[in-house]
2 protein chains.
Amino acid sequence: MASRPKPHDHAACVSDAMARAEHICAETGARFTPLRRRVLERIWAGHKPTGAYEILEDLGRDDGKPVAPVTVYRALDFLMAHGLVHRLNSLNAFIGCPRAGAGHEAVFLICEDCKRVAEIDDPAVGETLARDAADQGFSVSTQMIEVMGRCPDCQAAAHG
Amino acid sequence: MASRPKPHDHAACVSDAMARAEHICAETGARFTPLRRRVLERIWAGHKPTGAYEILEDLGRDDGKPVAPVTVYRALDFLMAHGLVHRLNSLNAFIGCPRAGAGHEAVFLICEDCKRVAEIDDPAVGETLARDAADQGFSVSTQMIEVMGRCPDCQAAAHG
DNA sequence: TGATGTAATGTAACGTTATAACGTGTCAAT
DNA sequence: ATTGACACGTTATAACGTTACATTACATCA
C-alpha cells in the first residue's frame, strides 16, 4: 500500500471539499442548503465529470421522490456562481473545483480514456490569451480552456 | 465607401471559402457533395456561429422538403473532419474556418454582444498548454480554447 | 406575533441539441 | 453484373436545458 502511486483518501478529499464549501458560503452569506449540499456531494463522489441528469437520477434514487431537471440546474448555477464547481463545455458535465475560493481561470486536462479531469492553473496561459485578444482590440471577460488527451495512468495502462 | 472601416466583400469571402473547400476535398479525395456544400455555404452566410438546427431549417426552407437532424450533423462531422468548420462548444454552434487546410489549434474570441467570432492562432498558447500538460505526464491530443468578451465594434458601440 | 418580503424549491410543460438503428440509393472497381 | 464503400433518407429516441408559475422556508421588523 505504501508504494502505490496514489493512495488518495477519497473520503477525506470529499469531506475537505464540503468543508471548504461550507466555509465559503458562510463567508459570503450564501445559503448552503441540503439540496445544494447533496448536489455538490454527488459531484465530488466520483472525481469525474458528472452530467446534470446523472445527478438528477441519483437524487431521485436517494429518496424515492423524483427530482426535476430545473432543480438540479439551479443548484449547479449556485455552485458555479460560488466557484465550487466548474462546467466542462466539451462534455456537458460538471466537476468539483479543488481550488474553490481562489478566483482563477482554470485549464482542464481531460483524459479521453478514463474521463478523469485534472485542473491546472498556469497564469501564463491567461496572460498570453489576454495579450492576443488585446492585440485585436478584444476585451476578455471569461475563458474556457479544455485540453483533451491521455492521463499518465491511462498511458501506462495502454503500455504506451 | 472608401473610408468605412470594414468594407468586407462578403460574397467574395464566401466564394473564397467554398473554393478552398473544393480544393481541399479534391486534394484528399473527399467527396464535396451538394449537401455538404449547402451546409458549408449556410455556415459561411452569416459570419456568425450557426446552430445545427438553424442550418436544418434553412435547408428545409430552400427546397420544401424537410431535412432530418442527423443529415445536418453528418455533414457537419464531415466538414469538421476536413478542417473546414469548427465547433464552438460554449455555444453549441459551428463556424467556418478561415484557415482551412492549415492544421492549427485555434483560439476563438467570441463577442458576447454581437456573437461574432474571431479566430486567432498563437502557437505560444498551445505550446504553453502542452508544456503544462507534459509536466503532469498528460499527453495532449486536442484543445478547445474559447475566450468570451467584447469585440472592438461592440465596445465602441457601448461608447465604452 | 403575525404581516411582509425575499430566497429557495416544487411542478409541469416545453424547447433545444444530438445520436441510434436501420434502410435505400449511387457510383466506381473488379 | 456484382460487390463494396460511402452518402443520404427515415424514424425514433436520447440527452441536455429552460420557461412559467405555484409553493414553501426563513428572516425581519412593525
Side-chain angles (χ1 to χ4, degrees), chain A residues 21-22 24-26 28-43 48-82 84-95 115 144 146, chain B residues 21-22 25-26 28-43 48-60 62-82 84-95 115 144 146:
Chain A
E22 227 149 65
I24 287 169
C25 290
T28 62
R31 290 169 54 186
F32 195 44
T33 65
L35 175 65
R36 290 164 176 175
R37 165 183 287 278
R38 284 204 293 157
V39 170
L40 186 57
E41 275 168 350
R42 180 58 192 74
I43 285 177
K48 289 190 187 188
T50 308
Y53 277 69
E54 198 177 336
I55 296 170
L56 183 157
E57 281 165 25
D58 287 353
L59 293 189
R61 227 191 321 281
D62 284 355
D63 52 11
K65 228 172 140 192
V67 175
V70 72
T71 302
V72 174
Y73 282 104
R74 283 195 283 229
L76 289 169
D77 285 346
F78 171 90
L79 296 172
M80 283 191 287
H82 291 79
L84 299 171
V85 310
H86 294 291
R87 176 185 169 83
L88 298 168
N89 276 308
S90 57
L91 301 177
N92 293 334
F94 303 83
I95 191 149
K115 312 300 178 198
M144 227 208 54
E146 301 178 17
Chain B
E22 226 150 66
C25 290
T28 62
R31 291 169 54 186
F32 194 45
T33 66
L35 175 66
R36 290 165 177 176
R37 165 182 286 276
R38 285 205 293 159
V39 169
L40 186 58
E41 273 168 351
R42 180 59 193 72
I43 286 177
K48 290 192 186 185
T50 308
Y53 279 70
E54 199 177 336
I55 296 170
L56 183 156
E57 280 165 26
D58 288 353
L59 292 189
D62 284 356
D63 51 13
K65 227 172 143 194
V67 175
V70 71
T71 301
V72 173
Y73 282 102
R74 283 195 284 228
L76 289 170
D77 285 345
F78 171 89
L79 295 171
M80 284 191 287
H82 290 78
L84 300 171
V85 310
H86 294 293
R87 175 188 169 82
L88 298 168
N89 277 308
S90 57
L91 301 178
N92 293 333
F94 302 84
I95 191 151
K115 313 301 177 197
M144 226 208 52
E146 300 178 16

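This is a predicted model, so every value here is computed, not measured. We name chains A, B, ... by the order of the sequence lines, and we start the count at 1 in each one. FYI, side chains are in, hydrogens and waters are out, and symmetry mates aren't considered; it's all heavy atoms of this structure.
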**Prompt:** Under 4.0 angstrom, heavy atoms only, what part of the nucleic acid is A:Arg74 near: base, sugar-phosphate, or nothing?
**Reply:**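 The answer is base, as A:Arg74 lies within the cut-off (heavy atoms under 4.0 Å) of a base atom.
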**Prompt:** Side chains of B:Leu59 and B:Leu35: closer than 4.5 Å at any heavy-atom pair?
**Reply:**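 SC-SC contact between B:Leu59 and B:Leu35 confirmed.
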Test of understanding: with salt bridge (charged side-chain N to carboxylate O under 4.0 Å, His left out), list the residues that count as partners of [X], not counting sequence neighbours.
X: A:Glu41; value: A:Arg37
X: B:Glu54; value: B:Arg42
X: B:Arg74; value: none

**Request:** Classify every nucleotide of nucleotides 24-29 of chain D by which part a protein heavy atom approaches to under 4.0 Å, writing B for the base, S for the sugar-phosphate alone and - for neither, in 5'-to-3' order.
**Result:** --S---
In chain order, what residues pass the side-chain contact (heavy atoms from CB on, under 4.5 Å) check against [X], with sequence neighbours excluded?
X: B:Pro69; value: B:Tyr53, B:Leu56, B:Tyr73
X: A:Ala30; value: A:Cys25, A:Thr28, A:Phe78, A:His82
X: A:Asn89; value: A:Arg87, A:Met144, A:Glu146, B:Asn89, B:Ser90

**Message:** Distance under 4.0 Å to a non-hydrogen atom of chain A counts as contact; along DNA chain C, which nucleotides mark the start and end?
**Reply:**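 The footprint of chain A covers C:dA8 to C:dA12.
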**Request:** Of all the heavy-atom pairs spanning A:Leu91 and A:Pro49, show the shortest one and how long it is.
**Result:**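 Heavy atoms of A:Leu91 and A:Pro49 come nearest at CD1-CG, 3.7 Å.
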**Item:** Where B:Ala21 and B:Leu40 come nearest, the two heavy atoms and their spacing
**Value:**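 What the structure gives for the nearest pair is CB-CD2, 3.5 Å.
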**Residues which pass ring-ring contact (aromatic ring centres under 6.0 Å, His included) with B:Phe32, listed by chain and number, not counting sequence neighbours** =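 By the ring-ring contact (aromatic ring centres under 6.0 Å, His included) rule, B:Phe32 matches no residue at all.
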**Message:** Near DNA chain D, counting only heavy atoms under 4.0 Å, which residues of residues 66-73 of chain B show up?
**Reply:**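 Heavy-atom cutoff 4.0 Å gives B:Ala68, B:Val70, B:Thr71.
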